[in-house]
Amino acid sequence: MAEAVFEDIRLLTDLFDPQEIIRATADRTMTKGGAASFTGYVSSNDGVEALELSHYEPLTLTGMKKLAIAARERFDLKAITIVHRVGRMTPGDPIVCVAAASRHRRDAINAVDFCMDHLKSAAWFWKRELKHGEWHWIEPRQADHEDLARWNPE
Amino acid sequence: MAEAVFEDIRLLTDLFDPQEIIRATADRTMTKGGAASFTGYVSSNDGVEALELSHYEPLTLTGMKKLAIAARERFDLKAITIVHRVGRMTPGDPIVCVAAASRHRRDAINAVDFCMDHLKSAAWFWKRELKHGEWHWIEPRQADHEDLARWNPE
Amino acid sequence: MAVTILFLGPLRDKAGEDSRAVAAPLDWTGLIEAVGSEIARELADDRVNIACGGKVLSDKTTLNALDGDEVALLPPVSGG
Amino acid sequence: MAVTILFLGPLRDKAGEDSRAVAAPLDWTGLIEAVGSEIARELADDRVNIACGGKVLSDKTTLNALDGDEVALLPPVSGG
């Protein structure tokens, strides 16, 4: 089963179209079921003018690929796509798009939820925001640990 | 807050593009956060040639609108879209697309999950499949009740 | 005018027609008599609901359809 | 050749540079001495990880970087 899964894991430095990604993920399923997705966008809240995302290349893509494998092992998937922007973005730009296709709705939705919760521990991203002409690093937050704990109830 | 929410609830008799719907839902958010979606497609499993979805019009759209209101009350949403096909479809056609936008990822994903679980009790749809030239009604299933029970832990 | 009984989903096949006009008023007993024994057996199933005038009845035996009302017989919705 | 120390995310600002080349081999004590007191304080934080040769160390004090290795200092990732 695992070999038939369509997988598309990418780090992009340019603007991407989440709809193309969601469509491609849904289209790759041989017998249609359902496709779930989540796309995160750069916020313009609190006067953010730009967002810069840096990462450590030797770990990032490897981490994202391992995450896709973990999702495929945990859920019954036909396709899984994880696309992440790096570099400088402006408000409204998509940062991340995760899409999953499955014969079972719950598996598709849960795989998206699982990948989003695990992205920060699987890949290493640091973000800083430009506000009023000054760059500010975005701090880690406790909720990320709680997000992860949801998947290991023991 | 409730009045600022973008809402698009539709029953369609013709083919629709889920990507347009997801894009419109994400675009309607003033300050971007994230957009989650689920799209269900007509399956071609077991030699299905066509799917016909009938409904009871006085209840269906009203039920879908009430469901959108329930989702808005339960989750912090900026946009909610529920689009459902009725009539005759062929394998690969999208049947249903639910999309939700929120400042908070968890709210967007959970709203989609919630609406999908509640659609069958909010609206009245009956499906029959054409297989080898014969129509067969699709039976109710127990799992639908379990899906609903997830949202009322008491 | 009269009361229109609508057969929905699989009940349409069992009834052999989309709808039937019967004399108003129509209560639960009248409905059972009007639809024939096969549909009557289906109506006994708790999962089969009845809508009158566009509203699902919480207790279908309280049906009281008046002249011009539409009575929809709603079998359980399909899974999947 | 030498060992390259990479300062990532907010640590880059604190170090005032992207990377620094130091003599090989490099262990935990050598690293602490090489990075200066401000970065050394950051490294004492459990949430700051170290990768050597593209792998995150489960115990950063076991660092043993050889000639040509890249030692990446990984502060906690950003929230949101």
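All chains are named by letter (A, B, ...) in the order of the sequence lines, taking the proteins before the strands, and each is independently numbered beginning at 1.
Sparse packing is recorded around CD of E57(A), with 12 or fewer heavy atoms of other residues, nucleotides or ligands lying under 6.0 Å away.
Considering every non-hydrogen atom in both A26(A) and Y41(B), the closest pair reads CB-OH, 3.4 Å. Nearest heavy-atom pair, G34(A) versus F38(B), reported as atom, atom and distance to 0.1 Å: CA-CZ, 3.5 Å.
Sorted by first and then second residue, the pairs that involve residues 74-111 of chain B and meet ring-ring contact (aromatic ring centres under 6.0 Å, His included), not counting sequence neighbours, are F75(B)-F114(B), H84(B)-F125(B).
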Are V112(B) and R105(A) close enough, and set up right, to give a side-chain contact (heavy atoms from CB on, under 4.5 Å), and what steps lead you there?
CA-CA 11 Å; V112(B) 168; R105(A) 167 164 54 91; over 6 Å; no
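Counting heavy-atom pairs closer than 4.5 Å to chain A, the top residue among A100(B), S37(B), G40(B), G92(B) is S37(B).
For A35(A), the parts sitting under 4.5 Å from any heavy atom of chain B are the backbone and the side chain alike.
Side-chain contact check for D117(B) versus R106(A): some heavy-atom pair is nearer than 4.5 Å.
When the heavy atoms of residues 7-20 of chain A are compared with those of chain B, the residues falling under 4.5 Å are D17(A), Q19(A), listed by number.
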